[in-house]
Amino acid sequence: MAEKKGTEIRREEILGAALTLMANQGVRSMTIDRISRLVGIVPSAVYRHFHNKSEIIAAVLTMIVARMQHNVRDVGKENTNSLNAFRKLLMRQIRLVQEFMVIPHILFSEEVYSDNPALKAQLHDLMHSFLDTLAELVQKGQRQGSIRSDLDPFRVATMFLGLFQPSAFLYHLSGGTFDMVKQVDFSWKLFSAAIKNEAARTSARPAAARR
């Protein structure tokens, strides 16, 4: 049992070092030798947990997407109204991007798109899984009547992803100076107005305003 716990802790240390290297210098800068030096172990110790660099990148991707999916499920439980849940989720995704500055590095890395077809396929599957989880939240809102029933849930989920992904990229390029919160807040107003059920919008207005 203690050995397993030690293995999990070591994996976390290796992934933490990989995240630091990729965030500061890009994906190509992340090597087994550099990871081992940062963790304070020999390179062979890294290979006991990951066979190669691609496995480390895959593990980082899996960890980040798992956090994203966890956020979706949390806001779904905490908010009875799906539109409110999406708004809260957007703020959580912004905090996630700020925490993991490495996300744009990986998403736009040649090592993902050109050098490693298997890694590219895994990223595709992970993002589709996240979009499916988002689509479930859209369907919940459609059943509640807060989101338009004529909209395709998966398409709405994809639009939602577009609310923060370009802003995250600009935030990364600017070294953190781009006002991501302000831009996402503006995008949210357009998005929520487009998907909100008209009946729900009308009933939410004061009676005097509807006369």
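Values below: all heavy atoms of this structure, side chains included; hydrogens, waters and symmetry mates excluded.
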Side-chain heavy atoms of V39 within contact of R10, under 4.5 Å: yes
Donor-acceptor side-chain pairing of S149 and Q142 below 3.5 angstrom: no
Distance (rounded to the nearest 0.5 Å) between S82 OG and I147 CD1: 5.0 Å
Shortest non-hydrogen contact from L126 toward V65: O-CG1, 3.5 Å
Short side-chain donor-acceptor distance under 3.5 Å, N71 and Q93: yes
hydrophobic_cluster_shared for I56 and M63, side chain cutoff 4.5 Å: yes
Members sharing V42's hydrophobic cluster (side chains within less than 4.5 Å): none
CZ-OG1 distance between R37 and T31, expressed to the nearest 0.5 angstrom: 6.5 Å
Verdict with supporting geometry, E13 and L38, side-chain contact (heavy atoms from CB on, under 4.5 Å): CA-CA 9 Å; E13 289 177 343; L38 203 55; over 6 Å; no
Nearest-0.5 Å distance, CD of residue Q122 to OG of residue S54: 10.0 Å
Side chain Q69, main chain S129, donor-acceptor under 3.5 Å: yes
Salt-bridge present (E8, R11; N to O < 4.0 Å): no
Criterion side-chain contact (heavy atoms from CB on, under 4.5 Å) on S36 and I41, from CA distance to verdict: CA-CA 5 Å; S36 65; I41 56 178; 4.2 Å; yes
Residues that D150 engages under salt bridge (Lys or Arg N to Asp or Glu O under 4.0 Å), provided they are two or more places apart: R148
Between H128 and D132, a side-chain donor and acceptor under 3.5 Å: no
Distance (rounded to the nearest 0.5 Å) between K88 NZ and N81 CG: 10.0 Å
Any side-chain heavy-atom pair of V60 and M22 under 4.5 Å: yes
Closest heavy-atom pair and its distance - S167, F178: O-CD2, 3.8 Å
Pairwise distance CG(L134) to CE(M127) - rounded to 0.5 angstrom: 8.5 Å
salt_bridge(D74, R92) N-O dist < 4.0 Å: yes
Side-chain heavy-atom pair M91, V184 within 4.5 angstrom cut-off: yes
Residue that, paired with V46, satisfies side-chain contact (heavy atoms from CB on, under 4.5 Å) out of N52, D33, I32: I32
Pairwise side-chain contact, F130 with V72, heavy-atom cut-off 4.5 Å (strictly under): yes
Same apolar cluster: I94 and L190, side chain cutoff 4.5 Å: no
Close side-chain approach of L131 to E136, heavy-atom, < 4.5 Å: no
Derivation and outcome, side-chain contact (heavy atoms from CB on, under 4.5 Å), residues I64 and M68: CA-CA 6 Å; I64 292 172; M68 292 165 68; 4.1 Å; yes
Spacing of OG belonging to S192 relative to CG belonging to L90, to within rounding of 0.5 Å: 10.0 Å
Close side-chain approach of F160 to V138, heavy-atom, < 4.5 Å: no
Salt bridge (Lys or Arg N to Asp or Glu O under 4.0 Å) evaluation trace for R87 with D185: CA-CA 9 Å; R87 175 61 176 161; D185 187 59; 2.6 Å; yes
Residues in side-chain hydrogen bond (donor to acceptor under 3.5 Å, both in side chains) contact with T158, at least two apart in sequence or another chain: none
Aromatic plane relationship, F191 with W188 - under 30° parallel, 30 to 60° tilted, over 60° perpendicular: tilted
Single-linkage hydrophobic cluster, 4.5 Å side-chain cutoff, F164 and F186 together: no
Non-hydrogen side-chain atoms of L170 and M180 separated by less than 4.5 Å: no
Non-hydrogen atoms of Q139 and P153 that approach each other most closely: CG-CG, 3.6 Å
Polar side-chain atom of K140 near backbone of G76 as donor-acceptor pair, under 3.5 Å: yes
